[in-house]
Amino acid sequence: MSKGRKIMITMKDIVREGNPILRKVTNDVAVPPSEEDQQILLNMLQFLKNSQDPEIAKRYKLRPGVGLSANQIGLNKRMFAAYLTDDKGRYHEYTLINPKIISHSVNMIYLPQGEGCLSVDRQVPGFVPRYERIKVSAYDLKGTKLEIKLKGYASIVVQHEIDHLNGIMFYDHINKEDPFKLPENIPVESLY
Ligand code: UDB
Ligand code: ZN
């Protein structure tokens with residue numbers, strides 16, 4: 001009984017930069033996840049879906065989010081949700097527990113418009129180089145072990161979220177002398 005208490009995550013629940021929880025390495029989550037942890041992840045995914053629904057986003061003043069890590073809602077837990085479309089317009093949803101990059105490409109990519117963050121209320125100009133391809137090991141909501149290969153935009157989003165779980169912000173990767181300078185000796189291409 002009493003599964004899924006009706007809570008809705010909104011922007012007021014999102015921890016902003018300066019809060020030390022965003023700089024901590026998060027703790028592993030028990031596998032299989034507790035009912036509570038499963039519900040938290042589902043609520044995080046629902047926030048992303050709501051935030052991408054123009055009517056709900058307007059009503060609740062949500063920024064259209066593609067990824068959200070648990071420490072961004074103040075929970076020291078190694079898990080995140082993502083909800084994004086691929087280049088064919090198909091939606092992909094992820095609710096991943098204890099995710100880890102187990103291998104990655106040498107080649108890198110970046111979003112030409114730079115990155116932002118739900119926890120950062122300002123524009124930070126500059127390129128954020130990310131691996132073009134990653135292989136991630138994680139557990140799903142049932143506690144089943146997964147290995148997922150990602151490329152392109154999905155790879156960028158998942159690296160952004162795994163960074164959060166390790167206390168890293170997107171701007172940590174921006175070149176300090178010239179924010180639009182890319183690493184040398186490594187092939188780095190714009191995503192578009
Ligand atoms: C975001 N959203 O959610 F192409 F429907 C960003 C914000 C910071 C601008 C809200 C985003 O990129 N939305 C988006 C993009 C599309 C189509 C669409 C919605 N994040 C997630 C975040 O902060 N997670 O911690 C920032 C992204 C920058 C690169 C990857 C994640
Ligand atoms: Zn972020």
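Note that ligands are numbered from 1 as they come in the structure, with each ligand's atoms numbered from 1 the same way.
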Requested in this report: Verify the distance criterion only: is there a donor paired with an acceptor across the side chains of Arg78 and Thr26 at less than 3.5 Å?
Outcome: yes
Query - Partner residues of Arg63 under the side chain to side chain donor-acceptor pair (under 3.5 Å) criterion, sequence neighbours left out - result: none
Query raised in the report: Counting no waters, what protein N/O/S atoms lie under 2.8 Å from the Zn ion (ligand 2)?
Result: Cys117 SG, His160 NE2, His164 NE2
Query - Closer than 4.0 Å: a protein non-hydrogen atom to atom 17 (C) of ligand 1 - result: no
Report task. Using a 4.0 Å heavy-atom threshold (strictly under), name the region of Tyr153 that reaches ligand 1: side chain, backbone, both or neither. Result -> side chain
Query raised in the report: Can a non-hydrogen atom of Pro64 be found less than 4.0 Å from any atom of ligand 1?
Result: yes
Query raised in the report: Does an N or O from Leu118, backbone or side chain, lie closer than 3.5 Å to an N or O of ligand 1?
Result: yes
Requested in this report: Assess the side chains of Tyr83 and Gln46: does a donor N or O sit below 3.5 Å from an acceptor N or O?
Outcome: no
Requested in this report: Could you tell me which residues satisfy side chain to side chain donor-acceptor pair (under 3.5 Å) with Glu93, sequence neighbours excluded, listed by chain and number?
Outcome: Lys49
Requested in this report: Nearest heavy atom to atom 22 (C) of ligand 1 wins, so pick from His160, Met169, Arg130, Gln52.
Outcome: His160
Requested in this report: Only counting residues at least two apart or in another chain, list the ones meeting side chain to side chain donor-acceptor pair (under 3.5 Å) with Lys135.
Outcome: none
Requested in this report: For atom 19 (C) of ligand 1, grab the closest protein heavy atom and report residue, atom and distance to one decimal in Å.
Outcome: Val66 CG1, 3.6 Å
